[in-house]
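The block underneath contains the structure these notes are about, expressed in structure tokens.
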Amino acid sequence: MLSYCYMKLEFKMCFTYLAVFPKGSVMDQHHLIQQWTALGYIKAHDDGERCINYLLGMSFIHISRSSSVDPGPMHAKTSQKFTMHDLVHDLASVITSKEFLILDADATEPRGWNRARYCRHARLINYQNQTTVFKDLPITARTIHFRYSGKLQLPKMAFSRSKYIRVLDLSGHSVGRQSTSSNLDLHGSSVEGQSTSSNVVLPSSIHKSKLLRYLDATSLPITSLPKSFHTLKHMQTLILSKCALETLPDTICSLNKLCYLDLSGNVSLTKLPASLGKLSKLSFLNLLGCSMLQELPESIYELTCLRHLDISECRTIKKLPDKFGTLLKLIFLNLSGCSKITSLPDNLRLQSLEHMNLSNCHELENLPKDFGNLQRLVFLSLSDCYKVSLLPESFCQLIHLKFLDLSDCHELMELPECFGHLFELDSLNLTSCCKLQVLPESFCKLSKLRCLNLSYCMRLDKLPPSFGDLKLQSLDISSTESLNALPDSIAEMTSLTRFEAMEGNANVMARVEEIKKHLISGEIEHVVQQRENKGCSSIVELADLTCYELDVQELQNVKHPEDAERAKLRDKSDLRQLSLRWGTNGGEGKSVLEKLTPPRTLEFFYLFGYMSKDFPKWMSDISSYLPSLTFLSLCGLGTCDTLPPFGQLPNLRSICMEKMPNIRKIGKEFFGQGRPCLKLRSIMLKLMENLTELWTTRSGEENEEFLIPNLHSLCLSNCPKLKFLPYPPRSMIWYLKNTDEIIAEGGFGKLSSSALPFEMVINNCSFSPDNWDRLHHFPTLEVFQVESCKGLRALPEVIRCFTSLKSLVLKSLKELESLPKWLGCFISLQRLLIKDCPKLTSLPESMKNLTALKLLQLQGCKGWEILPEWIGKLTSLQDFQIIDCPNLTFLPESMKGLTSLTEL
């Protein structure tokens, strides 16, 4: 109470107003500030933010649990959610008791609201079309909030007596169903659905509320506004989110005080008024999920006060107005999911723009040449812009840029040479830039860079030598398959607190583990033991531990499931990587795993030796419990015969399953609701001897949406019975070991993908001639390796179709007798390695045409006695290795002409 007494007057009014919300309510920051403004408690949005910060600082309100997990920079400008402790709510209610009343429409006792002389705030609850209740609304009310109401059918004269009302909130009939970016699906439609078959209308008497400044009709299924709506000249905030609007009347543009307009989730809205630009005070416009909206009106450039514009998931908009770039006060722009936009307007003069989201603009090909004019830009996302191949040179003029997300830009081949001029850059995400091969020399000048994600950059083959000069705190190089070594300087990067390398080159992964042991703390390994003297297991000791990585072993020693619950894993918000292991005699573990629910922040999850047949409830709904999970590994689940819907995990990048003999099919249950796994980049299946089917469409049949469209790496080892139905994903990298039937006769069917196959390893596979011929579906291969394939006396003719081949490796082909003449046709070939092919004794003369060859290695070729003279014509050869070829006793004279040779 003392804290309240010392508040500023305007803060007191703002605080006590919170009593109008029921206990436990989640309050939206933007909506709250707009209501305060409508009531005259504050004058500007900045005043509202100061008040909220004050109330947070005094612990009068708290950030809601639903938004307490760090959402990252992408959502830094989105509205926060708040809650209030019940005791604080009681305080606000006591202070404002004379001004606040609740009317229960179900109540049987006489209503005396019309006698409440001082009532300013009214809450109407349990309204179910009891039309007479409106006679009891207090005339003096400034705000009316509907809560816990069913379908609203308001009588025409509902507000005929509400002459002084400033705030009207009708959203409470569907509390918790507001349309936001989190509950709109990937296609811009609401998860809960939108009611369109209804006769609900706003009452015509609303025009009598001449002082109305704030109207929230969220989820009210109205198709149009009353004809007299334009007479509400004081209207400042209009929230019509997730209604059933098909059109807006032109007269709405006469609301010249309107500054906040939310039309999000109106999936039937096809057009905005041509005169929208007349809303000269409009500063906030939300069109999120208006998926049928065809275009923005040309007059939008006249909205000179516009600061916030969200048109994300407007999937039918193909272009922006020509003068769009003249919105000089625009600070926030979200175009995420505008998948038909191919380009941005030239002459971008958005001089105030700080936040720009272009993620999932799948058809966007390039940025304007003058993009660097956006010099105040702090956040930029181009995530999932599959067709962007280059960044303009002016890009390096973005001198205030701090957060840059280029993840899943599949065509991006290089960064500008001047990239190091982005001196303020703090976070850079290059995940799944699968064609990026090198980083520019200037990259190491990014002195303020703290977070760098290079995971799934499949073709990145080296890092700059001075990479260690960076002051990184977080580095992820998971699944950088082509990266064979790390610069020595990384070992001296003492600023590192997080270093990830899940999958990839074995030598690199081992080196990462060495560096982590040397530089990084925060990893805890706990072997569970029984504490006989305490009557519990040692897992309870984890309750007070804080760590980033946790490895819990010997979970079979947990005899009482409540011990697992006492470990409080779900409360460890700092935890990012978790391994749960049962020993060889693990026994039934479902009851224990049920109590080991991880925190929502978890990104990497390993499960070993779990021997129950099915999974606990939280794993059956894993996408809700672990929305941030990117990596999942299951190993040694000996009795499990079904899988949870792992395909629903929205951020899953990699899944690994090993030694699960009872899994015979991965079908529709894996994909849950059947939406595509848009983020899935790597599938690894090992020792799955009985797995026969993996569906890639909802039913495993043709002519359905493909559910794994952007796979980068497919590793199948000892899956001899496996077939993809109807056809396999078009993965960039293929590793096949003892897996013979994986390539379908029809190849990839109708699948189109921005990622094309470029590397394949075939190891110990017994391909029939037909199976070899099916490799003609892989003409884009650049790296090809054949190893330990029995009975192969000559290379299959189909290899000739790999016209872009740069690397060819032949290993342990014991029956291979000769190489074909057409080997000399691979004019792009740079690496040729031949190892342990004892019957191979010569190279074809046509190989003299391989003028691009840089590396030639002959190893373990016992029958080799002489090298041909023409080998001196391999003018680009830099590295020639001859290892364990005992019968090769001299080199030809012509080798003196190999002027590029640096290593022999």
Side-chain angles (χ1 to χ4, degrees), residues 179 181 184 187-190 193-202 215 217-232 235 237-256 258-306 308-327 330 333-345 361 363:
S179 178
S181 58
L184 287 170
H187 303 290
S189 301
S190 173
Q194 183 186 54
S195 176
T196 56
S197 58
S198 174
N199 295 320
V200 173
V201 295
L202 284 177
L215 172 62
T218 295
S219 296
L220 201 64
I222 53 177
T223 58
S224 62
L225 298 177
K227 292 181 179 179
S228 60
F229 195 83
H230 67 281
T231 63
L232 300 173
M235 185 68 73
T237 301
L238 181 57
I239 303 173
L240 299 170
S241 175
K242 216 179 78 172
C243 297
L245 290 173
E246 298 171 359
T247 184
L248 280 180
D250 287 340
T251 54
I252 200 173
C253 300
S254 65
L255 301 177
N256 53 25
L258 191 66
C259 59
Y260 188 105
L261 177 59
D262 186 349
L263 298 170
S264 61
N266 282 281
V267 297
S268 300
L269 186 65
T270 60
K271 187 179 180 181
L272 295 176
S275 55
L276 188 72
K278 291 182 179 179
L279 297 174
S280 58
K281 297 288 183 64
L282 196 67
S283 63
F284 181 101
L285 177 59
N286 188 359
L287 300 169
L288 162 68
C290 295
S291 53
M292 296 300 292
L293 189 64
Q294 301 290 322
E295 61 183 5
L296 298 179
E298 288 291 335
S299 66
I300 196 169
Y301 78 94
E302 297 175 12
L303 299 177
T304 55
C305 291
L306 193 64
H308 181 114
L309 175 60
D310 190 341
I311 56 175
S312 55
E313 303 300 337
C314 291
R315 304 189 320 271
T316 54
I317 291 181
K318 295 182 178 180
K319 64 186 293 288
L320 299 176
D322 292 337
K323 294 184 179 181
F324 184 85
T326 61
L327 294 169
L330 194 65
L333 175 61
N334 191 350
L335 298 169
S336 174
C338 293
S339 53
K340 295 290 180 65
I341 288 181
T342 58
S343 62
L344 300 179
C361 291
E363 298 299 320

Hey, does the side chain of T342 reach the backbone of E363 with a donor-acceptor pair shorter than 3.5 angstrom?
no
Do you know which two heavy atoms are closest between C290 and L263, and how far apart they sit?
SG-O, 3.2 Å
Student check: side-chain heavy atoms of N334 and L288 closer than 4.5 Å
no
Heavy-atom donor-acceptor pair, S299 side chain to A274 backbone, under 3.5 Å
yes
With side chains defined as the heavy atoms from C-beta onward, is the minimum distance between L309 and L303 less than 4.5 Å?
no
Side chains of L287 and L272: closer than 4.5 Å at any heavy-atom pair?
yes
Indicate whether the side chain of S241 and that of T218 have a donor and an acceptor atom separated by less than 3.5 Å.
no
Is it true that a side-chain atom of T316 and a backbone atom of L293 form a donor plus acceptor pair closer than 3.5 Å?
yes
Can you check whether F324 reaches L344 side chain to side chain, under 4.5 Å on heavy atoms?
no
Taking the side chain from Q294 and the backbone from M292, do they hold a donor-acceptor pair closer than 3.5 Å?
yes
Main-chain N/O of S275 paired with D250 side-chain donor or acceptor, under 3.5 Å:
no
I want to check something: taking the side chain as every heavy atom from C-beta on, are D322 and P345 in contact at a cut-off of under 4.5 Å?
no
For S228, all residues meeting side-chain contact (heavy atoms from CB on, under 4.5 Å), sequence neighbours excluded:
H207, P226, T231
